[in-house]
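Written out below as structure tokens is the structure these notes cover.
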Amino acid sequence: EALDREEARAKERIAELEEERAKKAAILDSMVEGVLAVDEMNRILFINTGACRLFNVSSVGTEGKPFLEVIRNKEMLDLLNHTLREGVFARQELQIFTPVQRVLQVHASPLKGRERAPGAMLVLHDVTELRRLETIRTEFVANVSHELRTPLTSVRGYLETLLEGALEDREHARPFLEVIHKHTERLGRLLD
């Protein structure tokens with residue numbers, strides 16, 4: 001009877017652990033970010049759906065395989081090795097080119113064990129669109145700056161000429177003022 005009770009408790013505990021494991025796996029798989037964990041030998045312990053999607057790999061059969069065999073990225077492997085060796089959090093932004101070119105922000109942290117880090121975990125954020133928008137914004141600001149500077153330079157030049165004495169020369173003053181007027185209208189259109 002005692003053995004039967006112990007067996008029932010053990011089965012109940014195993015069922016609870018399996019349920020807890022399934023919940024954690026479901027949470028990690030539903031994340032947009034890629035998550036993967038490796039052991040101290042760089043063998044994959046876990047890879048979620050987000051990471052599989054980023055690298056166009058299947059999660060089936062990846063557990064236990066070497067990191068570089070599944071994800072062929074030397075920079076990411078170097079980051080993992082640094083985290084494993086030093087046992088510290090590390091972050092790096094890097095590009096991947098397969099299956100498509102992307103910019104990833106990679107966070108590596110050690111998986112803490114009793115004595116030493118038995119592995120490391122990577123969290124991968126796809127920041128490709130963010131970097132593209134930053135580039136567009138930078139180009140836009142540069143273009144606007146150039147478009148505003150051009151008429152301002154002309155206005156300033158003509159005004160300085162007028163102030164240095166050309167204002168008294170009625171024959172040339174009017175065309176100068178017309179150019180200034182044309183450029184102020186252009187600035188107004190640009191701002192509109």
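Quick note: numbers below take in every heavy atom, side chains included, and nothing from hydrogens, waters or symmetry partners.
- Two residues are said to be in side-chain contact when any heavy atoms from C-beta on lie closer than 4.5 Å; T135 and E139 meet this criterion.
- Screening residues 174-186 for salt bridge (Lys or Arg N to Asp or Glu O under 4.0 Å), with sequence neighbours left out, gives E147-R186, R174-E178.
- A side chain to side chain donor-acceptor pair (under 3.5 Å) check over residues 150-159, counting only residues at least two apart or in different chains, returns nothing.
- If you take CG on L159 and NE2 on H183, they are separated by 11.0 Å, rounding to the nearest 0.5 Å.
- Checked by atom type and distance alone, the side chain of D39 never pairs as donor or acceptor with a backbone atom of G64 at under 3.5 Å.
- Note that NE2 of H107 is 11.5 Å distant from CD of Q92, once rounded to the nearest 0.5 Å.
- To the nearest 0.5 angstrom, N73 atom CG is 10.5 Å from Q95 atom CD.
- Using a distance-only test at 3.5 Å, with no hydrogens or angles considered, a donor-acceptor pair links the side chain of T138 to the main chain of E134.
- Taking CZ from R131 and CZ from R102, the interatomic distance works out to 15.0 Å, rounded to the nearest 0.5 Å.
- Residues P66 and N42 are not in side-chain contact: their nearest non-hydrogen atoms beyond the backbone lie 4.5 Å or more apart.
- A heavy-atom distance below 4.5 Å is not found between the side chains of Q101 and T128.
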Stepwise, does the side-chain contact (heavy atoms from CB on, under 4.5 Å) test hold for V103 with R132? CA-CA 10 Å; V103 180; R132 187 184 73 78; over 6 Å; no

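- Through direct or indirect side-chain contacts shorter than 4.5 Å among Ile, Leu, Val, Met, Phe, Trp and Tyr, V38 is connected to L36, I44, I47, L54, F55, V57, F67, L68, V70, I71, M76, L77, L79, L80, L94, I96, L104, V106, L122, L124.
- The residues E12 and R9 are annotated as not salt-bridged, no charged nitrogen and carboxylate oxygen being separated by less than 4.0 angstrom.
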